[in-house]
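Only one structure is covered here, and it is reproduced in the block below.
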Amino acid sequence: MSRALLVLGLAAGLYVAAAWTVAPGFYDGFGPQAPYRWVSPPPQFQHSNQPPLSGQGSARVNASGVVDPGSVFTQDGQASISFVPGGFQPPPDRSPVTVTIKPVSSYPDPGNVHLATNVYCVTSSAPLAPGKDVLVTLTFSDQLPAPSSIHGYEGSGPWRDIGSTGSAAPFSISARATTLGCFAGGYPANANQSASGVRVGGGQTLPVIIAIAILAVVLAGIPLAVIRRRSQ
């Protein structure tokens with residue numbers, strides 16, 4: 001029994017060493033972020049920039065007369081819109097509701113807000129249902145300061161801050177909007193904004209922390225295993 005426990009502890013220790021020396025370590029499925037596609041790239045990205053892509057999707061009207069839930073993404077994954085069942089008013093002819101997301105190059109002056117993403121305009125073939133909203137999610141570059149909230153406008157403006165609900169995905173930000181329009185991630189121009197957060201794909205800190213936590217759990221369980229073995 002003691003030999004088996006020794007082997008288990010040694011294996012856990014070797015895992016920590018491997019996670020420390022091999023990128024990306026524990027998070028094998030997370031690669032570095034793809035280069036952000038800019039409508040108007042900052043100078044340092046102009047030589048390698050590719051234009052951003054649009055996206056379109058549809059949601060059917062089900063047998064109960066309610067528009068199904070769904071999510072619509074741009075083809076490059078940089079912007080998405082998600083909505084709950086009944087989020088849109090069903091068309092009189094019960095045709096599917098089409099949602100389009102398009103990056104734009106012309107938009108009202110955002111004033112004292114520094115835009116950290118492209119501006120994406122969202123349109124649909126049916127209006128939002130009363131009391132419903134959509135979840136707007138935008139990705140941002142891991143090479144620049146992260147936006148603190150999502151800002152949006154309708155028609156010719158003005159821009160307004162619609163906040164942030166955070167996001168589970170790295171290098172993305174989400175917020176709920178009660179109207180469709182145009183959206184971008186940004187932060188106050190006078191803010192001392194720091195660089196984007198921990199890089200799950202390219203960095204090693206997070207995998208190492210998790211590996212050490214796993215080792216601690218394994219080692220903590222060894223005395224319990226010994227006690228149970230002796231009590232049998």
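Note: hydrogens, waters and symmetry copies are ignored here, and every other heavy atom, side chains too, is used. Note that this is a predicted model, so its numbers are computed, not measured.
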Between the main-chain N or O of Ser174 and the side-chain N or O of Thr165, is there a donor-acceptor pair closer than 3.5 Å?
yes
For the [atom1] atom of [X] and the [atom2] atom of [Y], what is their distance to the nearest 0.5 Å?
X: Gln89; Y: Ser125; atom1: CD; atom2: OG; answer: 11.5 Å
X: His151; Y: Thr117; atom1: NE2; atom2: OG1; answer: 9.5 Å
X: Ser141; Y: Gln78; atom1: OG; atom2: CD; answer: 9.5 Å

Any idea which heavy atoms bring [X] and [Y] closest together, and the distance?
X: Asn118; Y: Ala184; value: O-CB, 3.5 Å
X: Pro108; Y: Ser156; value: CG-O, 3.4 Å
X: Thr137; Y: Ser172; value: CG2-CB, 4.2 Å
X: Gly186; Y: Pro147; value: N-CB, 3.3 Å
X: Ala126; Y: Ser124; value: O-OG, 2.5 Å

Going by heavy atoms in the side chains, are [X] and [Y] under 4.5 Å from each other?
X: Leu128; Y: Thr178; result: no
X: Ser71; Y: Ser80; result: no
X: Tyr120; Y: Leu138; result: yes
X: Val119; Y: Val39; result: no

Tell me whether [X] shares a hydrophobic cluster with [Y], the cluster being built from Ile, Leu, Val, Met, Phe, Trp, Tyr side chains joined at under 4.5 Å.
X: Trp159; Y: Val122; result: no
X: Leu115; Y: Ile173; result: no
X: Val113; Y: Phe140; result: no
X: Tyr153; Y: Phe183; result: no
X: Val97; Y: Val136; result: yes

What ring-ring contact (aromatic ring centres under 6.0 Å, His included) pairs are there with at least one residue in residues 87-117, not counting sequence neighbours?
Phe83-Phe88, His114-Tyr187
Contacts of Thr139 meeting side-chain hydrogen bond (donor to acceptor under 3.5 Å, both in side chains) (sequence neighbours excluded), chain-then-number -> none
In chain order, what residues pass the side-chain hydrogen bond (donor to acceptor under 3.5 Å, both in side chains) check against Asn112, with sequence neighbours excluded?
none
Can you give me every donor-acceptor pair (side chain of residues 45-52, partner residue at least two apart or in another chain, under 3.5 Å) with its distance?
unit_1 : atom_1 : unit_2 : atom_2 : d
Asn49  : OD1    : Trp38  : N      : 2.8
Asn49  : ND2    : Trp38  : O      : 3.0
Gln50  : OE1    : Arg37  : NH2    : 3.1

Residues two or more places apart in sequence or in another chain: which of them pass side-chain contact (heavy atoms from CB on, under 4.5 Å) with [X]?
X: Asp93; result: Pro91, Ser95
X: Lys132; result: Val84, Ala129
X: Thr123; result: Thr100

Checking Asp133 now: which residues fulfil salt bridge (Lys or Arg N to Asp or Glu O under 4.0 Å) with it, not counting sequence neighbours?
Arg176
Which residues share a salt bridge (Lys or Arg N to Asp or Glu O under 4.0 Å) with Arg160, sequence neighbours left out
none
Would you mind writing out the side-chain donor-acceptor pairs for residues 58-66 within the sub-3.5 Å range, not counting sequence neighbours?
unit_1 : atom_1 : unit_2 : atom_2 : d
Arg60  : NE     : Asp68  : OD2    : 3.1
Asn62  : OD1    : Ser64  : N      : 2.9
Asn62  : OD1    : Gly65  : N      : 3.3
Asn62  : OD1    : Val66  : N      : 3.0
Asn62  : ND2    : Val66  : O      : 3.2
Asn62  : ND2    : Asp68  : OD1    : 3.2

Full working for side-chain contact (heavy atoms from CB on, under 4.5 Å) between Glu154 and Thr179
CA-CA 8 Å; Glu154 300 173 65; Thr179 58; 3.1 Å; yes
Which residues end up grouped with Phe73 if you chain together Ile, Leu, Val, Met, Phe, Trp and Tyr wherever their side-chain heavy atoms are less than 4.5 Å apart?
none
Using links of under 4.5 Å between side-chain heavy atoms of ILVMFWY residues, direct or through other members, which residues join Leu135 in one cluster?
none
Any side-chain donor-acceptor pair under 3.5 Å between [X] and [Y]?
X: Tyr36; Y: Gln143; result: no
X: Ser149; Y: Ser164; result: no
X: Gln56; Y: Thr98; result: no

